[in-house]
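To start, the structure itself, in structure tokens.
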Amino acid sequence: MQKIGLIVGNTSNLYEVECEEKTYMCTARGKFKQEEIVPVAGDIVVIEITEEEKQEGVITSIQPRKNYCKRPKMANITQIMFVVSLRMPKPDLLLLDKQLCFAEWLGVKPVIILNKIDLDQQNSTEYIENIYKNIGYTVIKTNAKNIEPETLHIIIESLKQQITAFSGNSGVGKSTLINAIFQSELTEEGMVSQKNKKGKNTTTQVKLYKLEEKAYIADTPGFSTFDITEIPKEEICHYFKEFQEYLADCKYIGCSHIKEQECGIKKALEEGKIAKSRYENYSKIYEELKEKEENKW
Ligand SMILES: Nc1nc2c(ncn2[C@@H]2O[C@H](COP(=O)(O)OP(=O)(O)OP(=O)(O)O)[C@@H](O)[C@H]2O)c(=O)[nH]1
Ligand SMILES: [Mg+2]
Ligand SMILES: [Zn+2]
């Protein structure tokens, strides 16, 4: 008998596949390896049930992926929540811009969470919020340790119908936030009711936790941020959302917006239409990727 399901976890060659009403432990057929496709968390797969009572099966095929990410290995994520903390650790906007760039490249929805707002002493919250709201990003401000019900409600609403990965430096509050989401006692209609508490066990693989029907959170131990080195440096400017409308004003085709004259991006920067930190981080990312490319050979 065949069933279709979602891979929610995997350790070595064993996959946990969640089907409609049951979860099966499955192995994968060798042929995927020959095609160089290895099933990963987030894959939708067809399984052949081998032992119904033991809930065991074999993965027979993988559905086409919406996206695939190498590090951490997972497929079909639809949203990334970037957690930035205001203090301890201090905000890292270069990392945030790298991660936003990655999300745009992957084609998934980015959400920014400004956490530890209770520790902000320099009004950085508003400063950062403004930069990113002006570009059109969703910014949610939190104190994850002591989260207000309204904020939790907004976050839970935005997790619906999505496979969401959390990203951000160590210590910014990802786990605190995820625990708050899962321990939520809110039982209003359509809200989380099950206390699906996240275990403290250390897995080295990606695991998807089910929040409710069609809503999953990806825990990516060992990879708190996404690797952007797959993106060619020439493409980076296309993933800085607010740069798009000024690209046509560059005189030179293939303008890198670094040293060239008559550059639409630099002009927009001078006119205050692009935030200084965003342009500076663009340059840093560009130079960093350039160096990596040169060192490859
Ligand atoms: N004051 C304050 N402390 C917070 C807040 N959110 C989290 N913390 C604390 O910050 C510390 C780090 O939080 P974690 O949730 O473990 O951070 P993480 O992002 O999961 O870190 P890694 O697992 O290392 O990637 C903990 O001591 C939390 O209690 C907040 O909003 N305000
Ligand atoms: Mg953590
Ligand atoms: Zn330019």
Side-chain angles (χ1 to χ4, degrees), residues 71-72 80-92 95-96 99 111-122 124-125 128-129 139-152 154-155 164-183 197-207 209 217-226 233-240 242-271 273-274 278-280 282-283 285-287:
R71 263 163 63 95
I80 304 180
M81 287 204 171
F82 298 108
V83 186
V84 176
S85 78
L86 272 307
R87 263 189 80 203
M88 300 194 287
K90 64 179 197 292
D92 184 346
L95 178 69
L96 176 63
Q99 301 289 289
V111 174
I112 299 165
I113 298 194
L114 293 183
N115 189 37
K116 306 199 190 183
I117 50 171
D118 55 309
L119 300 182
D120 183 17
Q121 293 169 327
Q122 301 163 335
S124 315
T125 309
I128 298 171
E129 186 184 19
V139 180
I140 301 172
K141 294 176 283 183
T142 57
N143 168 357
K145 234 171 137 178
N146 196 355
I147 199 161
E148 305 91 20
E150 306 82 59
T151 312
L152 192 57
I154 292 168
I155 294 173
T164 304
F166 280 74
S167 166
N169 267 333
S170 180
V172 293
K174 298 180 296 293
S175 299
T176 310
L177 207 56
I178 293 172
N179 283 333
I181 293 163
F182 278 104
Q183 283 165 27
K197 205 171 162 183
K198 212 165 103 22
K200 279 228 166 80
N201 54 328
T202 45
T203 39
T204 51
Q205 309 276 1
V206 177
K207 184 140 178 59
Y209 292 93
I217 289 178
D219 191 15
T220 56
F223 297 98
S224 49
T225 60
F226 292 90
K233 65 181 186 310
E234 295 77 17
E235 287 182 22
I236 293 293
C237 62
H238 297 291
Y239 306 117
F240 273 68
E242 75 279 33
F243 286 15
Q244 301 322 297
E245 57 181 304
Y246 309 114
L247 289 173
D249 303 335
C250 294
K251 184 176 175 188
Y252 303 102
I253 293 170
C255 180
S256 68
H257 326 297
I258 308 277
K259 291 186 183 120
E260 293 89 342
Q261 299 294 312
E262 295 180 58
C263 165
I265 301 303
K266 287 203 275 186
K267 185 162 164 276
L269 172 72
E270 277 154 29
E271 290 169 357
K273 292 169 179 161
I274 287 175
R278 287 277 288 173
Y279 178 76
E280 284 172 357
Y282 165 78
S283 310
I285 295 168
Y286 185 92
E287 297 296 345

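All ligand and atom numbering here is 1-based and tracks the order in the structure.
Side-chain N or O atoms of Lys141 include none that pairs as donor or acceptor with a backbone N or O of Ile117 at under 3.5 Å. The backbone N or O of Glu260 sits less than 3.5 Å from a side-chain atom of Lys266, completing a donor-acceptor pair. A distance-only check finds no donor-acceptor pair linking the side chain of Tyr286 to the backbone of Cys237 [under 3.5 Å]. A donor-acceptor contact shorter than 3.5 Å is absent between the side chain of Gln122 and the backbone of Asp120.
Heavy-atom contacts of Ala144 reach the following atoms of ligand 1: 6 (N), 30 (C), 31 (O) (cutoff under 4.0 Å). Within ligand 1, the atoms closer than 4.0 Å to a non-hydrogen atom of Thr176 are 7 (C), 13 (O), 14 (P), 15 (O), 28 (C), numbered from 1 in the order shown. Residue-ligand proximity, Asp118 to ligand 1, at heavy-atom distances under 4.0 Å covers atoms 1 (N), 2 (C), 30 (C), 31 (O), 32 (N). Close contacts between ligand 1 and Lys174 involve ligand atoms 15 (O), 17 (O), 18 (P), 19 (O), 20 (O), 21 (O), 22 (P), 25 (O) [criterion: under 4.0 Å to a heavy atom].
The shell of residues lying under 4.0 angstrom from ligand 1, judged by heavy atoms, excludes Gly168.
Any N or O atom pair closer than 3.5 Å counts here, and Thr142 shares no such pair with ligand 1.
The nearest pair of heavy atoms linking Thr164 to Met81 is CG2-CG, 3.7 Å. Nearest heavy-atom pair, Glu234 versus His238, reported as atom, atom and distance to 0.1 Å: O-CD2, 4.0 Å. For Gln244 against Phe240, the heavy-atom pair with the smallest separation is NE2-O, 2.8 Å.
Around the Zn ion (ligand 3), protein N, O or S atoms at less than 2.8 Å number 4.
Only the side chain of Leu119 comes within 4.0 Å of ligand 1, judged by heavy-atom distances.
Side-chain atoms of Leu119 and Asn143, non-hydrogen and from C-beta on, never get closer than 4.5 Å to each other.
Taking 2.8 Å as the threshold, Ser175 counts as a candidate ligand of the Mg ion (ligand 2), since one of its N, O or S atoms lies below it.
At a cut-off of 3.5 Å, with distance as the only test, a side-chain donor of Asn115 or Thr142 sits close to an acceptor on the other residue.
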### side-chain contact (heavy atoms from CB on, under 4.5 Å) assessment of Leu86 paired with Gln121
CA-CA 9 Å; Leu86 272 307; Gln121 293 169 327; over 6 Å; no
